[in-house]
Structure formats: C-alpha cells, structure tokens
Participant: 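I'd like to ask you about the structure that follows.
First the proteins, then the strands, lettered A, B, ... as listed; each starts at 1. Because the structure is a prediction, the values reported are computed rather than measured.
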Number of protein chains: 2
Amino acid sequence: MALDRKDAENAVRGDEPSALCPMPDIAQLIGGKWKLIVLQILIFQGTKRFNELRRLIDGVTQTMLTNQLRALERDGLVSRKIYAEVPPRVEYTATPRAIALTKMFHAMHEWWESEQS
Amino acid sequence: MALDRKDAENAVRGDEPSALCPMPDIAQLIGGKWKLIVLQILIFQGTKRFNELRRLIDGVTQTMLTNQLRALERDGLVSRKIYAEVPPRVEYTATPRAIALTKMFHAMHEWWESEQS
DNA sequence: TCCAATAGTATCATTTTCCGCACTATATAC
DNA sequence: GTATATAGTGCGGAAAATGATACTATTGGA
C-alpha cells in the first residue's frame, strides 16, 4: 500500500513530525558498509560472538568487523562482553538504543518486500 | 518507548516478517552521502528544481548532486522533468516508489528524537 | 557587446573506505 | 613439541567515493 503524494505532504503539515532529522548525523551512526547488517543480526537474532558474526556476514574481513563493532560500541549501539576463557570469548549484544531501531528495520523490510512485486 | 530484547526476538519468530532483507541491496539504492537527504526533501517538501536542491543541501557540489540524482533516477526513485526554456529548468520529483519510504523516514525520525532525551 | 542564470559535463585530484596479509596471546588437545 | 581455535592489532596498498575546477549551451537584459 504505497502512500501517494498527498499523504506525503500531509506528513509535513499535519501533526506528524516532519521527519526532517539530520541524515548526516544518522549516517554517522548507522552508515558504513557493515553496520546495518551487524545490527540487523544482533537485533533480530540476539547476542552473537565475534566469529559467529564473521561467519554470518558474507565477505566481511576481520579488520572491518572489528572496526564496525568498535564504532557501534562507541556509539552505544552494541555492548561487548569479554569472558576470561581460553580460547577467548567475546559476545556482542544490541543495546536498547539499537533495539529501538526495530521499527525502522520493519519499515525498510516492508518497503523492500513491496518492491519485489 | 524502546522495545526490549523479548519484543525484538518475537519479531523474528512471530507472524511479523523477520526484517532480514538484504541490507547490501538496500544500501545500493539509498546509500551514498546525499541520497537520503535528497529523498527526504523531495518526499516531504515536494518537487524541486536542481538549484533549489543545491541550495537546500549544505555542502553538496554540482557534480555530486548530478551523480546522485542520476542514480536515483536510474533506480526509479526520482523522476526528472525537463522544461525547454532558457535558462533551462529541470524539476525532480519523488516517485511512488520513493514515497513508499515515508514510513522508514518516520521510524528514523522517531528513533532520532528518542535519542535526544 | 558582455554579463548573468540554469543545468549540466569532463577531467583530474583527493579523501575515505575497505581489504590482504602478517603477526600476537593463551590453553587445550594430540 | 606442535597444531588449533579465538579475538584480536598493525601495516601498506587498492579501490571507491567524493570534491575542485574549468568548460558547455542558450537567451534575455544592461
């Protein structure tokens, strides 16, 4: 059920927020080649360890996965728990801040599905 | 109102779609430094001409704006109408496919707002 | 006659992002 | 004693994205 132009313009003038939040700032948080994929997995499949993510994400390198996870952690979107074991174990979990993105993922998903028709 | 972990996991197992659509494909369409900004403007503020967009988007160069608009047009997200006038006039409009992203923008907006608290 | 405005294109430079490879530590298993 | 697994770090380079600059066409107006 696609919205038409009228709906879209109402979204600006009505009670609804205008959705004109700063995209560059948002891109800073969830942009980049792997961040959305990582978040998608952690949000919808729960906690994962480093190498589990590595295996789930096709084509990601160790370096990049580390980078992106560090950035997500810095921005409070994932939490990192280290277990003092050998071999080492590190688990990554989506924070509430990340889980609040669930609706956005669903909206994206619906959009994507409607495209495939 | 942030969702908790349980909600997130239910989203996978319940009737809801899992929201595990391919992020790389989506990034192809709406990734890039300027695309989301352009779409945001065209969706929520309606049709704009080239130089209007240029003035609205802080820091964008002519080259990049042309690039991104061409890419969006190729992907059926904006339509381009040329008026045979002098000086030339070219108007860009969000297509229904782009307007269907409205919900996603709203979800992003809500998320962003909830962050600022 | 020359400048202004619009919507570009072409070319090259730069910046940012990303990848490959080698390297580390540790304890357990063989 | 050697190999294995995990979760990394560090370095250098390639590739992709982005930017700067100069150029085009047209015509109305000073």
Participant: Only pairs under 3.5 Å count here: list side-chain donor-acceptor contacts from residues 60-72 of chain B, not counting sequence neighbours, and write none if there are none.
Facilitator:
| unit_1 | atom_1 | unit_2 | atom_2 | d |
| --- | --- | --- | --- | --- |
| B:T61 | OG1 | B:M64 | N | 3.3 |
| B:T66 | OG1 | B:Q62 | O | 2.9 |

Participant: What range of DNA chain D does chain B touch, first nucleotide to last, counting atoms under 4.0 Å from its heavy atoms?
Facilitator: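 Nucleotide range with atoms under 4.0 Å of chain B: D:dT18 to D:dT27.
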
Participant: Do A:W112 and B:M23 have side chains that approach each other closer than 4.5 Å (heavy atoms only, starting at C-beta)?
Facilitator: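 Contact flag for A:W112/B:M23 side chains = no.
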
Participant: Closest-nucleotide mapping onto DNA chain C: is A:V86 or A:T61 further toward the 5' terminus? I mean the 5' end.
Facilitator: A:T61

Participant: Taking for each residue the nucleotide of DNA chain D with the nearest heavy atom, is it B:K33 or A:T63 whose nucleotide lies nearer the 5' end?
Facilitator: A:T63

Participant: Contact boundaries of DNA chain C with chain B (under 4.0 Å, heavy atoms), 5' to 3'?
Facilitator: C:dA5 to C:dA10

Participant: Just to be sure I understand the rule, does B:Y92 reach a base, reach only the sugar-phosphate, or reach nothing, if contact means heavy atoms closer than 4.0 Å?
Facilitator: sugar-phosphate

Participant: First locate atom CG of A:L36, then atom CE of A:M104, and finally report the distance between them rounded to the nearest 0.5 Å.
Facilitator: 5.5 Å

Participant: As an exercise, state the distance from CD of B:E52 to CG of B:L42, rounded to the nearest 0.5 Å.
Facilitator: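 That separation rounds to 10.0 Å.
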
Participant: What's the angle between the local helix axes at either end of the helix from C:dT1-D:dA30 to C:dC30-D:dG1, using five pairs per end and rounding to 10 degrees?
Facilitator: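 Computed from the C1' atoms at both ends, the axes differ by 30°.
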
Participant: Quick one: list whatever passes side-chain contact (heavy atoms from CB on, under 4.5 Å) with A:V90, sequence neighbours left out.
Facilitator: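 By the side-chain contact (heavy atoms from CB on, under 4.5 Å) rule, A:V90 matches A:R80, A:I82, A:Y92.
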
Participant: Quick test of your reading: applying salt bridge (Lys or Arg N to Asp or Glu O under 4.0 Å), list the pairs with at least one residue in residues 54-66 of chain B, sequence neighbours left out, ordered by first then second residue.
Facilitator: none

